[in-house]
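First comes the structure, then the notes that go with it.
As a basis for the values below, the full set of heavy atoms in this structure was taken, side chains included, without hydrogen atoms, waters or symmetry mates.
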Amino acid sequence: MQPTANFTASNLARSLLRRSRQGALATLMPGSGDPYCSLVNVASYYDGSPILLISRLAVHTKNVIADSRVSLMLDERAEGDPLEGSRIMVGGTAEEAGGELRTTLRRRYLNAHPSAESFADFNDFSFFRIRPTGVHLVAGFGRIVDLKPEKILTSLEGADALLESEQNAIDHMNADHLDSLNLYATRLLGAKAADWRCTGCDPDGLDMSAEKHDALRLDFPRRIAALGELRVVLKELAEKARATNQP
C-alpha cells in the first residue's frame, strides 16, 4: 500500500473502529503478567470506543477483572497478504458496565451482533467498554501513526437528543428506507447489493451491515446533533446516491 496525498490517519482509524466486528484482545495474566491473546467480537459505543460481551468463565475476562489494561487489534481483513491491509492497536482500559450504560451497550452490541441475544443475558456474561488511551495505526509503507483518543473518538457534546432517538431512527430506516440504505451501500460506498440494514448512528455517521458482508460506515458530510439534522443529511445522501452512476 503506497502513501497518498489525501491519506488522513484519524479518518482511517475512525473507520476501522466503526467497521470492525472482530478483533484480537490482549490481556495480562494475574501474578505473572504474561500476555494472553484471544479472539473477540466487537461493537462500538456512540463515540466509537469498543464494546465487548465476554464471559466470566473465559480467561480473558478473569484477566480484565484483575487488571483492566488491555490492547485490542482491529484490521480490515483485506484479501491477499493481510500485512498489506490497515490495522489499529487500541490500548486502554476495559470497564464493566452496569445500569443505564449496560442497557445502551447491550442494545448497540446486539444491533451489530443479533445472534448474541441468545446468551447476552446469561449470568456469567458482562458488557465491557474499552476506554482508549492511545491508538497505533499501521496502514502500509509510510503510514504508521500514533494517535491520541481525541483524534479518533466522536465528540458527543450537545448530541443528547440524537443519541436518545437513535434506536427509533434505526428502526425507522430499517422499516421504511431499505432502498436508501442499499443506495448508500452500493453507490456511495461501492459495496455489493444486499439486504443492507442500519445498525447504529451517531453525530459523525451511519453504521450498516448485511449478512455475509463486511460492515460499512457511511460518514456524514457534516457533524449532526439533532434528529431533524439527521433526516436532512440522510435525504441529501440519498439524492447524491441516486445521482451517482452505478459501479
Test: E166 and R108 ion pair at under 4.0 Å = yes
Any donor-acceptor pair under 3.5 Å linking the side chain of T186 with the backbone of A191?
-> no
When hydrophobic residues are tied together by side-chain contacts of less than 4.5 Å, even through go-betweens, does L178 share a cluster with M208?
-> yes
Can a donor-acceptor pair be found between the side chains of S38 and H60 at a distance below 3.5 Å?
-> yes
Side chains of F128 and E95 in contact at under 4.5 Å (non-hydrogen atoms) = no
Output yes when D121 and R102 qualify as a salt bridge under the 4.0 Å nitrogen-oxygen rule, no when they do not.
-> yes
Heavy-atom nearest pair, V233 first then P221, reads CG1-CD, 3.8 Å
Under the 6.0 Å and 45° cation-pi test, does R129 pair with Y45?
-> yes
Do any N or O atoms from the side chain of S32 and from the backbone of D34 form a donor-acceptor pair under 3.5 angstrom?
-> yes
Could you tell me whether the side chain of R217 reaches within less than 4.5 Å of the side chain of R14, counting heavy atoms only?
-> no
Cut-off 3.5 Å, side chains only: do T93 and R131 have a donor facing an acceptor?
-> no
Residue pair R21 / N41, side-chain heavy-atom distance below 4.5 Å = no
Apply side chain to side chain contact (heavy atoms under 4.5 Å, CB included) to V42 and I51, showing your working.
-> CA-CA 6 Å; V42 181; I51 300 171; over 6 Å; no
S115 backbone acceptor or donor facing S118 side chain under 3.5 Å | yes
ILVMFWY cluster, V145 and L153 together (side-chain gap under 4.5 Å) | yes
From the list I152, D75, I88, side chain to side chain contact (heavy atoms under 4.5 Å, CB included) with L16 holds only for I88
When the ring planes of F127 and Y109 are compared, do they come out parallel, tilted or perpendicular, using 30° and 60° as the limits?
-> perpendicular
Is any NZ, NE, NH1 or NH2 atom of the basic residue among R223 and E157 found under 4.0 Å from an Asp or Glu carboxylate oxygen of the other?
-> no
Take R242 and S180, measure what side chain to side chain contact (heavy atoms under 4.5 Å, CB included) needs, and give me the verdict at the end.
-> CA-CA 9 Å; R242 292 188 182 95; S180 294; 3.9 Å; yes
Is it possible for you to say whether M173 and I170 belong to one hydrophobic cluster, with membership spreading through side-chain heavy-atom contacts below 4.5 Å?
-> no
With distance as the sole criterion, is a donor-acceptor pair present between the side chains of R18 and T154 under 3.5 Å?
-> yes
Cationic N near anionic O, under 4.0 Å, R222 to E236 = yes
Please answer whether the main-chain N or O of C198 pairs with a side-chain N or O of N174 as donor and acceptor at a distance below 3.5 Å.
-> yes
Please determine, by modelled atom types, if D207 and T199 share a side-chain donor-acceptor pair under 3.5 angstrom.
-> no
Pairwise side-chain contact, F119 with F125, heavy-atom cut-off 4.5 Å (strictly under) | yes
Please answer whether the main-chain N or O of T244 pairs with a side-chain N or O of R187 as donor and acceptor at a distance below 3.5 Å.
-> yes
Closest heavy-atom pair, A94 versus V64, reported as atoms and distance to 0.1 Å, is CB-CG1, 3.7 Å
